[in-house]
Amino acid sequence: MIRERVQASIDRCFALGIEQGLWTDAAASAYTVEESRREGQGDYATNLAMVVAGLEKRRPREVAESLLGLLIDASGVNSAESAAAEADNLFAKVEVAGPGFVNCFIRPEVWHSVIPEIRRQGAEYGRSQLGRGRKVLVEFVSANPTGPLSVGHGRQAVLGDAIARLLSATGYVVTREYYYNDAGRQMRVLGESVRARYLELLLWPFTFPEDGYQGEYIREIAQALVTEQGEALTTVTDYAPFTRKAEEVIFADINHTLARMGICFDNYYNERSLYQQGLVDDVVAALREKNLVYELDGALWFKTGELGLEQDRVIIKSSGEPTYRLPDIAYHREKFRRGYDWLVNIFGSDHIATIPDVLAGVKALGYDPERVSTVIHQFVTLVRDGKPIKMSTRKANFVTVDQLLAEVGVDATRFFFLMRKADSQLEFDLNLATRQSQENPVYYVQYAHARLCSVFRQAARQGLGSTSEVALDYGRLELAEELMLLRTMAAMPALLASAAQALEPHRLVFYLQDLAARFHGYYNRHRLIGDDPGLSRARLALAEALRVVLANGLKLIGVKAPEKM
RNA sequence: GCGCCCGUAGCUCAGUUGGAUAGAGCAACGGACUUCUAAUCCGUAGGUCGCACGUUCGAAUCGUGCCGGGCGCGCCA
């Protein structure tokens, strides 16, 4: 809000400068207005003069002086009458600094206006209409029901969920979708594994499949079948009923795990339905029509080489079965046909290779690949006592999300998974995550919220309840720390917008840690409730705004905002 | 060998899309509770931003080439 006003003000001066022949319009939309990073460099700074100077071969500081003149004329700052200037006057001071920055100092009253704004908007504060109602489909987890969710899935689940939350907070209409396939080879092996365990339990002869699923959960599923069906299935040679049971149990387990983390999907999309509706054949026909496929060695190849990729790819094997690419392409086309404007996929880094093929397919079918975004996340390493825990999917000795949740709890799990950007490998320190005190960053943020709530309880005991706006004198908030807190809170909507746009929820996590730190520092240095009722009320209103911002932020990453700890 | 990702304090990582004197947490050391929650705060120390060139007013950020780590490179998914 305030940032936009500063931007608008500088934009006006830029236009004015063009009118007056001070510079050309070459720098239009090339310059930026940023929050200053350092104390003493104002609240916002623009590099306009440097950009202009660069394009027009002039001296940056000279250009900056011209801009400064325009800003001063426009707003009457830096003069004794500045207080009497027009009401929407933003600046207390503007100056040229460094290599040619123009620093803008915002009047405290402008910062103060953040508090009533936040109090008015409450749970809505920070949200925006950036997405303008565009429909986004976020596909994530998408694990086939062959076993419990592992830690890697957990990262993806939390990441996808947080991205979905961010997008819907910024004006997108979001659908969360889980794509799965219950018909492939994996599922057959799964059924065979269960069948073997079933026969084993009933002391029948059995052979366990070579690359069967070794986990204990297979035995549990087999045991359930024994309990329900007795020996009725011993003569069944087909693995289908075993697969069906396994799928049912495992999906229930996966959903239970997701629900524990506060994650639920709007839709589960079964790959099989693509075949049943003939959509896979459709794609083949469409590609054939565009002359983008050919047969070789009994297989059908997609001319991805012609579409800019390294080599052509098989989409139908010589056995007649499609490869995974074909349904993937059909699925993506279907997402577009269902009316989504933006497709967001969350994939593990082991699926990187599949992306170019799918995009080539999407493009070949006449859809814009730019409207597909894929977030690739790297692997998770669990660390205990400074040593990585070895995991292997094959031997089923991986740590499940359920085990992780049991050990560190939902809040720490979610927070830790979101502390790193998706691109970096994530080291999950179990000792740190389970520490109930001190260094744990989850509690650090939550504690700030609980502490604020505690102050409100104290205030209520002293008869300082919620105060109406008219009775508040924000002018009493004159400490640098208070203005800094206001400035940080004012930045939240823009932060959420950029985090959503970039699909990077970790930015919000860092923001919350930063805000909590600023608050804790302020709290330790100054009393919110003191002898001066007017000051106390103003500070309590500030505190209320802080609580709202923390609560809204925590909500977006799916972490509880406790009132007591 | 090729493609993608990563390389920043002892450790784990940020760094607002190219900005000013590179930041945080943990670990280390020294301090602060008779007052709103010490799950907190304050201070000290810690750096050749992997290396080398280049692009320009300006580079941790962009380009090229090396070095080191991860993930891929199937008629598996």
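What you see below is based on every heavy atom in this structure, not just the backbone, and it leaves out hydrogens, waters and symmetry mates. Residue numbers begin at 1 in each chain, while the letters A, B, ... track the order of the sequences. Because the structure is a prediction, the values reported are computed rather than measured.
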Hey, is [atom1] on [X] packed in by over 12 heavy atoms from elsewhere, all under 6.0 Å?
{"X": "A:Glu563", "atom1": "CD", "answer": "no"}
{"X": "A:Arg457", "atom1": "CZ", "answer": "yes"}
{"X": "A:Lys363", "atom1": "NZ", "answer": "no"}

Worksheet item: Taking the chi torsion of B:C5, is it syn (within 90° of 0) or anti (everything else)?
Response: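 Chi for B:C5 falls in the anti range.
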Worksheet item: Syn or anti for B:U17, with syn set at within 90° of 0?
Response: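 Classified syn.
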Practice prompt. May I ask you to test the A:Tyr179-A:Asn270 pair for a side-chain heavy-atom distance under 4.5 Å?
Written response: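 A side-chain contact under 4.5 Å is absent here.
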Any donor-acceptor pair, under 3.5 Å, between the side chain of [X] and the base of [N], if you only look at N and O atoms?
{"X": "A:Ser424", "N": "B:C13", "result": "no"}
{"X": "A:Asn47", "N": "B:G19", "result": "yes"}
{"X": "A:Tyr324", "N": "B:A77", "result": "yes"}

How would you label the contact of [X] with the nucleic acid (heavy atoms, under 4.0 Å): base, sugar-phosphate, or nothing?
{"X": "A:His377", "value": "nothing"}
{"X": "A:Leu309", "value": "nothing"}
{"X": "A:Ala53", "value": "nothing"}
{"X": "A:Ala450", "value": "base"}
{"X": "A:Ala448", "value": "nothing"}
{"X": "A:Arg461", "value": "nothing"}
{"X": "A:Ser498", "value": "nothing"}
{"X": "A:Asp429", "value": "nothing"}
{"X": "A:Ala459", "value": "nothing"}

Fill in: Neighbours of RNA chain B within residues 504-514 of chain A, by heavy-atom distance under 4.0 Å
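Those residues are A:His506, A:Phe510.
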With a cut-off of less than 4.0 Å, is there a side-chain N or O of [X] near OP1 or OP2 of [N]?
{"X": "A:Lys317", "N": "B:G74", "value": "no"}
{"X": "A:Lys421", "N": "B:G15", "value": "yes"}
{"X": "A:Arg38", "N": "B:A22", "value": "no"}
{"X": "A:Thr354", "N": "B:C76", "value": "no"}
{"X": "A:Tyr444", "N": "B:C41", "value": "yes"}

Which nucleotide in [options] has an atom nearest any side-chain atom of [X]:
{"X": "A:Asn103", "options": "B:C36, B:A20, B:C71", "answer": "B:A20"}
{"X": "A:Met50", "options": "B:C57, B:A77, B:A20", "answer": "B:C57"}
{"X": "A:Tyr523", "options": "B:C71, B:C41, B:A38", "answer": "B:A38"}
{"X": "A:Asn524", "options": "B:C75, B:A20, B:C41", "answer": "B:C41"}
{"X": "A:Lys564", "options": "B:A39, B:U17, B:U37", "answer": "B:U37"}
{"X": "A:Val455", "options": "B:C36, B:G19, B:C4", "answer": "B:C36"}
{"X": "A:Glu310", "options": "B:G3, B:U17, B:C41", "answer": "B:G3"}
{"X": "A:Gln378", "options": "B:C2, B:G70, B:G19", "answer": "B:G70"}
{"X": "A:Arg420", "options": "B:C13, B:U40, B:C36", "answer": "B:C13"}

Discussion item. Tell me which nucleotide, if any, is Watson-Crick or G-U wobble paired with B:G43 when both distances must be under 3.5 Å.
Written reply: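 The answer is B:C29, by the H-bond criterion.
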Fill in: Assigned partner base of B:A52, Watson-Crick or wobble definition, under 3.5 Å
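Paired with B:U64.
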Quantified in whole Å, what is the [atom1] atom distance between nucleotide [N] and nucleotide [M]?
{"N": "B:G63", "M": "B:U55", "atom1": "C1'", "value": "7 Å"}
{"N": "B:U8", "M": "B:G69", "atom1": "C1'", "value": "15 Å"}
{"N": "B:G23", "M": "B:U48", "atom1": "P", "value": "15 Å"}
{"N": "B:G47", "M": "B:G10", "atom1": "C1'", "value": "12 Å"}
{"N": "B:A52", "M": "B:C13", "atom1": "P", "value": "25 Å"}
{"N": "B:C53", "M": "B:U40", "atom1": "C1'", "value": "49 Å"}
{"N": "B:C62", "M": "B:G18", "atom1": "P", "value": "7 Å"}
{"N": "B:U61", "M": "B:G7", "atom1": "C1'", "value": "14 Å"}

Round to the nearest Å and state the distance from [X] atom [atom1] to [N] atom [atom2].
{"X": "A:Asn440", "N": "B:U12", "atom1": "CG", "atom2": "C1'", "answer": "14 Å"}
{"X": "A:Arg527", "N": "B:U35", "atom1": "CZ", "atom2": "C1'", "answer": "5 Å"}
{"X": "A:Leu452", "N": "B:U40", "atom1": "CG", "atom2": "C1'", "answer": "13 Å"}
{"X": "A:Glu427", "N": "B:A14", "atom1": "CD", "atom2": "C1'", "answer": "16 Å"}
{"X": "A:Gln458", "N": "B:U37", "atom1": "CD", "atom2": "C1'", "answer": "10 Å"}
{"X": "A:Asp357", "N": "B:A77", "atom1": "CG", "atom2": "C1'", "answer": "13 Å"}
{"X": "A:Phe415", "N": "B:C13", "atom1": "CZ", "atom2": "P", "answer": "15 Å"}
{"X": "A:Leu528", "N": "B:U37", "atom1": "CG", "atom2": "P", "answer": "10 Å"}

Discussion item. Given 3.5 Å as the limit, does a donor-acceptor pair link the side chain of A:Glu4 with the main chain of A:Met1, or not?
Written reply: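 A pair under 3.5 Å: yes.
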Practice prompt. Please assess A:Tyr180 against A:Phe251 for the test ring-ring contact (aromatic ring centres under 6.0 Å, His included), listing each intermediate value before the final yes or no.
Written response: CA-CA 11 Å; A:Tyr180 70 101; A:Phe251 246 136; 4.9 Å; yes
Do [X] and [Y] pair up side chain to side chain, a donor and an acceptor below 3.5 Å, judged on atom types alone?
{"X": "A:Gln446", "Y": "A:Asp411", "result": "yes"}
{"X": "A:Tyr44", "Y": "A:Glu34", "result": "no"}
{"X": "A:Tyr324", "Y": "A:Glu271", "result": "no"}
{"X": "A:Gln311", "Y": "A:Thr304", "result": "no"}

Worksheet item: Should A:Arg313 and A:Asp357 count as an ion pair when the cut-off is N to O under 4.0 Å?
Response: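 Result for this pair is yes, salt bridge flagged.
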Item to complete: Indicate yes or no: does A:Arg384 engage A:Asp429 in a salt bridge with an N to O separation below 4.0 Å.
Response: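 Salt bridge flag = no for A:Asp429 with A:Arg384.
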Worksheet item: In terms of the nearest nucleotide of RNA chain B, which residue is placed more toward the 5' end: A:Ile376 or A:Glu321?
Response: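 Per heavy-atom nearest nucleotide, the more 5' residue is A:Ile376.
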Fill in: Near-parallel close stack of A:Phe101 and B:A20 base (under 5.5 Å, under 30°)
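By the stated criterion, A:Phe101 and B:A20 stack.
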